[in-house]
**Student:** 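Structure provided below as structure tokens; questions to follow.
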Amino acid sequence: MAWLVLLAATLLVTSTGCSSDERSTPLVVATTDIVGWLVRAVAGPSAEVSVVIPTGTDPPGFTGDERTDALLGDADLIVSVGGGWEMGLQPALDAARRRGTPVVDLLDELAPEPYGEGPAYTFGPAPSGPGAPAPGAPDPAFWKDPDRAVQAARSIAAALDRLSPGAAVLTAVNVGRVERDLAAADETVQAVLGDLPDTARLVVTDDPHLGYFAQRYGLSIVAPGGDRPAPTDVVLYTAGLGPEGSGAETLPGLLVVDARNLATALSRTP
């Protein structure tokens with residue numbers, strides 16, 4: 001059985017060892033590497049950004065350690081996916097809120113769709129692999145939809161502007177750049193997947209992070225099993241950024257690489 005390979009970029013998690021009064025720029029802590037990329041892209045040099053969940057770790061199952069607690073305790077702002085994606089970190093995030101640290105749950109502002117519902121799931125059960133939400137629960141994988149990713153960037157900018165009003169002009173410029181980069185990636189993905197025939201648009205996988213992507217680009221996804229076809233043999237970067245040299249080190253790059261890999265794999269479908 002072929003499985004999707006989920007890869008994540010290497011992002012070192014380090015504590016600054018400085019209090020907020022000693023730092024010249026605020027410390028923003030992101031839970032995942034994709035959220036971290038968005039925060040860095042929007043903040044630029046106006047903030048120091050660290051990522052909590054280590055490379056290759058299942059976000060819902062990550063509970064943290066002393067270093068995690070220290071980093072969250074030192075943060076001026078925390079940005080998470082929300083919607084249960086960081087389930088294991090929830091007690092630490094709740095503790096940060098009680099201390100008065102602003103915590104932005106991006107999914108709260110993105111109108112998430114119910115997992116396993118909608119046109120992408122027409123042909124059978126939704127995937128139930130690692131990180132899969134319960135059927136009908138909010139689908140957290142907003143980053144696979146360029147429009148939702150842009151909305152997330154705007155939410156991050158608003159939080160950064162509240163934290164550092166003097167950097168608002170910079171964050172506005174950076175959000176514009178993120179929007180253009182994601183729009184260009186969206187256009188490329190549309191072109192890459194647009195020529196696939198209707199008979200080659202079914203992705204058989206236990207990867208639960210493709211719903212938004214499949215719906216946007218006219219694909220269908222179904223869990224393997226029973227009399228369904230064999231799993232699609234393809235490498236995708238669905239839950240985290242790719243390593244250096246993969247082309248998926250950024251969110252726009254991730255979308256394009258996944259589209260090209262899918263187009264190649266689906267074009268081989270009998």
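Bear in mind the structure is a predicted one, so any value in this text is a computation, not a measurement.
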**Student:** Pick from Val79, Val104, Val51: which one makes a side chain to side chain contact (heavy atoms under 4.5 Å, CB included) with Val39?
**Tutor:**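 The single option meeting the side chain to side chain contact (heavy atoms under 4.5 Å, CB included) with Val39 is Val79.
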
**Student:** More than 12 heavy atoms of other residues, nucleotides or ligands under 6.0 Å from CD of Gln190: is that the case?
**Tutor:**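 It does: Gln190 CD has more than 12 such atoms within range.
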
**Student:** Identify the residue among Phe213, Trp37, Trp85, Tyr237 that makes a ring-ring contact (aromatic ring centres under 6.0 Å, His included) with Trp143.
**Tutor:**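 Output: one option passes, namely Trp85.
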
**Student:** Using atom types as modelled and distance alone, determine if a side-chain donor or acceptor of Ser50 lies under 3.5 Å from a backbone N or O of Val29.
**Tutor:**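 Flag not set: sc Ser50 to bb Val29 has no pair under 3.5 Å.
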
**Student:** Side-chain contact, heavy-atom cut-off 4.5 Å: Ile34 with Leu241?
**Tutor:**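 In short, these two side chains touch, coming nearer than 4.5 Å.
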
**Student:** Answer with yes or no whether the hydrophobic clustering places Leu106 together with Leu163; edges join I, L, V, M, F, W, Y residues whose side-chain heavy atoms lie under 4.5 Å apart.
**Tutor:**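 In one cluster: yes.
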
**Student:** Using atom types as modelled and distance alone, determine if a side-chain donor or acceptor of Glu249 lies under 3.5 Å from a backbone N or O of Gly247.
**Tutor:**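 Here the side-chain-to-backbone pair exists.
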
**Student:** Looking at Ala30 and Val35, what are the two nearest heavy atoms and their distance?
**Tutor:**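 That closest heavy-atom pairing would be CB-CG1, 3.7 Å.
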
**Student:** Donor-acceptor pair, distance only, cut-off 3.5 Å: does the side chain of Asp206 make one with the backbone of Ser128?
**Tutor:**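 Here the side-chain-to-backbone pair exists.
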
**Student:** Thinking salt bridges, do Arg154 and Glu109 make one under a 4.0 Å N-O criterion?
**Tutor:**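 No, this pair does not count.
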
**Student:** First locate atom CD of Gln90, then atom CZ of Arg97, and finally report the distance between them rounded to the nearest 0.5 Å.
**Tutor:**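 CZ of Arg97 is found 6.0 Å from CD of Gln90.
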
**Student:** Between Asp233 and Arg268, does at least one N-O distance fall below 4.0 Å, as a salt bridge requires?
**Tutor:**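 The answer is no: the pair does not qualify as a salt bridge.
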
**Student:** Return the minimal non-hydrogen interatomic distance between Pro112 and Asp139, and the atom names on each side.
**Tutor:**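 For Pro112 and Asp139, the tightest heavy-atom pair comes out as CB-O, 3.8 Å.
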
**Student:** Do Pro252 and Leu182 have side chains that approach each other closer than 4.5 Å (heavy atoms only, starting at C-beta)?
**Tutor:**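 SC-SC contact between Pro252 and Leu182 confirmed.
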
**Student:** Verify side chain to side chain contact (heavy atoms under 4.5 Å, CB included) between Leu110 and Asp145, making sure each step is shown before the conclusion.
**Tutor:** CA-CA 11 Å; Leu110 296 181; Asp145 176 357; over 6 Å; no

**Student:** Distance from Leu107 atom CG to Gln151 atom CD, nearest 0.5 Å?
**Tutor:**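 Here the interatomic distance stands at 11.0 Å.
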
**Student:** Using side chain to side chain contact (heavy atoms under 4.5 Å, CB included) as the criterion, point out the one residue from Val42, Ile156, Asp76, Leu160 that pairs with Val28.
**Tutor:**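 It is Leu160; the other options fail the test.
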
**Student:** For the residue pair Tyr217 / Asp186, report whether a side-chain donor-acceptor contact shorter than 3.5 Å exists.
**Tutor:**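 Looking only at side-chain atoms, Tyr217 and Asp186 do form a donor-acceptor pair, the distance falling under 3.5 Å.
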
**Student:** Nearest 0.5 Å, please: how far is OG in Ser46 from CG in Asn174?
**Tutor:**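 Output value for this atom pair is 7.5 Å.
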
**Student:** Rounded to the nearest 0.5 Å, how far apart are CG of Leu262 and CG of Leu196?
**Tutor:**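 If I round to the nearest 0.5 Å, the distance is 8.5 Å.
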
**Student:** Arg260 versus Thr188: any side-chain heavy-atom pair under 4.5 Å?
**Tutor:**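 Yes, their side chains come closer than 4.5 Å.
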
**Student:** For the side chain of Arg228 and the backbone of Ala223, is there at least one donor-acceptor N/O pair under 3.5 Å apart?
**Tutor:**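 Yes, Arg228 side chain to Ala223 backbone: donor-acceptor pair under 3.5 Å.
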
**Student:** More than 12 foreign heavy atoms under 6.0 Å from CZ of Arg201: is that the case here?
**Tutor:**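 Counting other residues, nucleotides and ligands, CZ of Arg201 exceeds 12 neighbours.
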
**Student:** Can you confirm whether more than 12 heavy atoms, excluding those of Asp198, are under 6.0 Å from its CG atom?
**Tutor:**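 Atom CG in Asp198 is not crowded, with 12 or fewer foreign heavy atoms closer than 6.0 Å.
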
**Student:** Is there a donor-acceptor pair closer than 3.5 Å between any side-chain N or O of Asp207 and the backbone N or O of His209?
**Tutor:**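 Yes: the side chain of Asp207 pairs with the backbone of His209.
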
**Student:** If we only count heavy atoms from C-beta on, is the Val103 to Ile78 side-chain gap below 4.5 Å?
**Tutor:**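 Side-chain contact under 4.5 Å: yes.
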
**Student:** Can a side-chain donor-acceptor contact be found between Thr264 and Asn261 if the only test is distance below 3.5 angstrom?
**Tutor:**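 No pair is found: no donor N or O on one side chain lies under 3.5 Å from an acceptor on the other.
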
**Student:** Over all heavy atoms of both residues, which pair between Pro208 and Pro130 is shortest? Give the atoms and the distance, please.
**Tutor:**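 Shortest heavy-atom separation between Pro208 and Pro130 comes out as CG-O, 3.5 Å.
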
**Student:** Within the structure provided, determine whether Leu170 and Pro45 are in side-chain contact (heavy-atom separation under 4.5 Å).
**Tutor:**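 Contact flag for Leu170/Pro45 side chains = yes.
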
**Student:** Looking only at heavy atoms, what is the nearest atom pair of Val52 and Thr68, with distance?
**Tutor:**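 Minimum heavy-atom separation between Val52 and Thr68: CG1-CG2, 3.4 Å.
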
**Student:** Within the 4.5 Å heavy-atom criterion, are Val222 and Tyr121 side-chain neighbours or not?
**Tutor:**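 When only atoms from C-beta onward are counted, Tyr121 and Val222 do not touch, as no gap falls below 4.5 Å.
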
**Student:** How long is the span from the CG atom in Asp258 to the CG atom in Leu210, to the nearest 0.5 Å?
**Tutor:**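 Separation between the atoms: 7.5 Å.
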
**Student:** Can you find a pair of side-chain heavy atoms, one from Pro140 and one from Tyr212, that are under 4.5 Å apart?
**Tutor:**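 Side chain of Pro140 against side chain of Tyr212, heavy atoms only: no contact under 4.5 Å found.
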
**Student:** Please check: side-chain N/O of Glu86 versus main-chain N/O of Val81, any donor-acceptor pairing under 3.5 Å?
**Tutor:**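 Yes.
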
**Student:** Does any non-hydrogen side-chain atom of Arg216 lie less than 4.5 Å from one of Arg148?
**Tutor:**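 They are not in contact (no side-chain heavy atoms under 4.5 Å apart), so the answer is no.
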
**Student:** How close do Ala230 and Val204 get, heavy atom to heavy atom, and via which atoms?
**Tutor:**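 Closest approach of Ala230 to Val204: O-CB, 3.6 Å.
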
**Student:** For residues Val49 and Gly36, report the shortest heavy-atom separation together with the two atoms involved.
**Tutor:**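 For Val49 and Gly36, the tightest heavy-atom pair comes out as CG1-O, 4.2 Å.
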
**Student:** Rounded to the nearest 0.5 Å, how far apart are CG of Leu266 and CG of Leu193?
**Tutor:**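 The CG atom of Leu193 is 8.0 Å from CG of Leu266, to the nearest 0.5 Å.
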
